[in-house]
Amino acid sequence: MKFNITDFVKPWVPGLEEYIPGKTLKGYIKLASNENNYGPTLRVVRAIEDNRLLTHIYPHMYELIQKKVSGYCSLTHEYAIVGNGSDEILDMILKVFKGPALGFYPSFAGYKLFTKILGENYLEINLNKDFSFPVDEFIKKSKDANILFLCNPNNPTGTVMFEDDIIKILNEGKITIVDETYYEFYGKTVIPLISEYNNLIVLRTFSKAFALAGLRLGYAISNPEIIRLLHKVKPPFNVSSMAQMAGVGALDDEYATKMIISKILKDREKMYREISRKFRVLKPNANFLFVDVSPMKSSEFCEKLFKEKIIVRNIGKLEGFEGEYVRISVGTEEENRELLRVLASF
Ligand SMILES: Cc1ncc(COP(=O)(O)O)c(C=O)c1O
């Protein structure tokens with residue numbers, strides 16, 4: 001048989017860069033993926049336990065979780081779609097809408113990855129030197145794009161966009177995704193703008209504040225027309241029963257999550273103060289710190305921590321920017337104390 005695989009492969013696939021997630025190792029403190037290391041609340045654990053014997057049944061609570069997330073955003077179910085992580089929603093958005101897409105750099109790697117997977121062009125505008133958002137430059141470039149990605153607060157910098165600037169971008173009339181993955185830590189949302197802007201999609205997740213990264217649950221809020229289009233490309237049964245039930249449990253336990261968030265925010269400020277004594281740290285707005293460790297090399301910084309059984313995210317050098325960067329998630333009180341203890345010897 002004469003078979004040449006390259007004759008069958010979509011031409012852009014071999015050149016794609018695989019996503020490399022933060023390492024998880026037993027016995028190590030992981031501060032690399034902006035997870036909530038306090039873990040799920042009691043109600044979530046109970047919801048999972050109560051449903052553990054129903055694994056033979058296809059997921060059937062989609063409408064319930066859809067109602068729950070839209071209710072959490074003070075809207076009705078027609079405004080929400082739920083996915084297997086917000087990653088999957090990004091994929092659905094890119095399946096529905098035509099490219100090219102435009103985002104800032106640095107920002108969440110998923111925007112470029114999912115755009116490229118679908119064979120579309122991805123354009124980028126560098127953030128300002130202080131990692132604020134060059135809005136006018138972005139607007140100029142948006143003429144060449146159909147889909148615009150805004151991450152607020154931005155991963156990995158933690159910097160934020162003003163609502164007025166988001167409105168200026170929305171007024172360009174392109175499909176505009178405002179990724180509010182870290183909303184619960186930041187507290188500001190553009191969801192109220194959905195009634196006015198039918199080109200706005202707000203992306204949210206249960207992976208961070210709600211501590212459900214392992215179960216994969218994300219959602220988008222937008223006008224019912226966009227939500228209907230996204231449902232057309234949604235794989236059937238995309239959200240597992242456990243994820244659905246855990247999500248419902250998490251939203252029923254909002255108060256417990258709020259208590260944990262306030263603990264994380266208090267610790268974040270302490271870490272910001274302490275780490276700033278030695279390194280340049282950007283003012284945080286989510287559950288992580290963006291640190292310029294230069295003149296140290298970021299790889300050396302991460303290796304030194306790794307020897308002490310702490311894993312942080314090595315961002316490295318950023319094209320067009322000075323410095324050597326790492327991203328450090330805020331963990332539990334005990335983990336943060338250990339990180340600060342080790343950093344004191346740097
Ligand atoms: C800004 C941003 N968007 C989206 C995601 C994907 O989240 P999920 O776990 O819901 O797929 C992440 C994950 O780190 C993120 O930081």
Side-chain angles (χ1 to χ4, degrees), residues 19-24 30-37 39-40 65 69 72-73 80-94 101 103-115 117 122 124 127 131 133 147-161 166 176-186 188-190 201-221 230 234-235 238-240 242-244 246-247 250-251 264 282 284-290 311-315 325-331:
Y19 180 78
I20 303 167
K23 265 192 223 142
T24 304
K30 185 185 175 199
L31 303 176
S33 299
N34 306 338
E35 292 145 334
N36 171 354
N37 289 357
I65 184 68
V69 296
Y72 175 58
C73 302
I81 180 160
V82 188
N84 187 10
S86 56
D87 275 353
E88 190 190 38
I89 308 230
L90 286 172
D91 184 53
M92 292 187 225
I93 291 169
L94 287 152
F104 285 105
Y105 174 82
S107 193
F108 178 54
Y111 310 144
K112 185 174 184 175
L113 180 78
F114 289 111
T115 305
I117 286 174
Y122 187 79
E124 274 171 327
L127 292 177
F131 298 103
F133 297 82
I147 304 172
L148 311 179
F149 287 110
L150 310 178
C151 190
N152 203 35
N154 187 46
N155 175 9
T157 58
T159 43
V160 290
M161 289 188 90
I166 297 176
T176 305
I177 294 100
V178 178
D179 184 342
E180 295 187 351
T181 283
Y182 299 98
Y183 159 69
E184 282 80 7
F185 302 104
Y186 178 47
K188 291 185 190 163
T189 178
V190 290
I201 304 175
V202 176
L203 196 65
R204 295 273 189 90
T205 186
F206 282 77
S207 295
K208 310 298 177 181
F210 291 110
L212 292 182
L215 280 184
R216 315 302 299 126
L217 189 65
Y219 59 99
I221 301 289
L230 292 173
K234 178 180 100 54
N238 60 330
V239 181
S240 76
M242 286 301 172
Q244 291 177 3
L251 291 181
I264 292 172
L282 287 201
N285 288 285
N287 64 338
F288 56 85
L289 300 162
F290 186 61
I311 305 173
V312 298
R313 188 67 164 222
N314 182 11
I315 307 279
Y325 294 93
V326 298
R327 198 192 61 201
I328 304 175
S329 314
V330 181

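Remember, predicted model here, so these are calculated numbers, not experimental data. Just so you know, ligand 1 is whichever comes first in the structure, and atom 1 is the first atom listed for that ligand.
- Annotation for ligand 1: atoms under 4.0 Å from non-hydrogen atoms of G85 are 10 (O), 11 (O).
- Within the 4.5 Å cutoff, the side chain of Y219 has heavy atoms near those of the C73 side chain.
- If you check which protein heavy atom lies closest to atom 10 (O) of ligand 1, you get T205 OG1, 2.6 Å.
- For the pair F133/T159, a side-chain contact is recorded, criterion being any heavy-atom separation below 4.5 Å from C-beta on.
- With atom 2 (C) of ligand 1 as the reference point, the heavy atom nearest to it among N155, D179, L215 is part of D179.
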*asked:* Go through it in stages, so that I can follow the logic: the residues are E180 and I221, the test is side-chain contact (heavy atoms from CB on, under 4.5 Å), and I'd like the CA-CA distance, side-chain angles, deciding distance and then a yes or no.
replied: CA-CA 10 Å; E180 295 187 351; I221 301 289; over 6 Å; no
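- Counting protein heavy atoms only, atom 7 (O) of ligand 1 is closest to S86 OG, 3.2 Å.
- Contacts between C151 and ligand 1, counted as non-hydrogen atom pairs separated by less than 4.0 Å, involve the side chain only.
- Using a 4.0 angstrom heavy-atom cutoff, G218 does not count as in contact with ligand 1.
- Under a 3.5 Å cut-off, the side chain of N84 and the backbone N or O of S240 do not form any donor-acceptor pair.
- Between the side chains of R313 and N34, no donor-acceptor pair is found at a separation under 3.5 Å.
- A centroid separation of 6.0 Å or more is found between the aromatic rings of F149 and F108.
- Of all protein heavy atoms, the one closest to atom 9 (O) of ligand 1 is S207 OG, 2.6 Å.
- In terms of protein heavy atoms, atom 5 (C) of ligand 1 is closest to F108 CZ, 3.4 Å.
- Considering backbone and side-chain N/O atoms, R216 comes within less than 3.5 Å of an N/O atom of ligand 1.
- Closest to atom 14 (O) of ligand 1 among all protein heavy atoms lies K208 NZ, 2.8 Å.
- Within 6.0 Å of the NZ atom in K112, the count of heavy atoms belonging to other residues, nucleotides or ligands does not exceed 12.
- For ligand 1, one of its N or O atoms has an N or O atom of T181 under 3.5 Å away.
- Within the 4.0 Å heavy-atom criterion, the part of Y182 lying near ligand 1 is the side chain and not the backbone.
- Two rings, from F206 and Y72, have their centers 6.0 Å or more apart.
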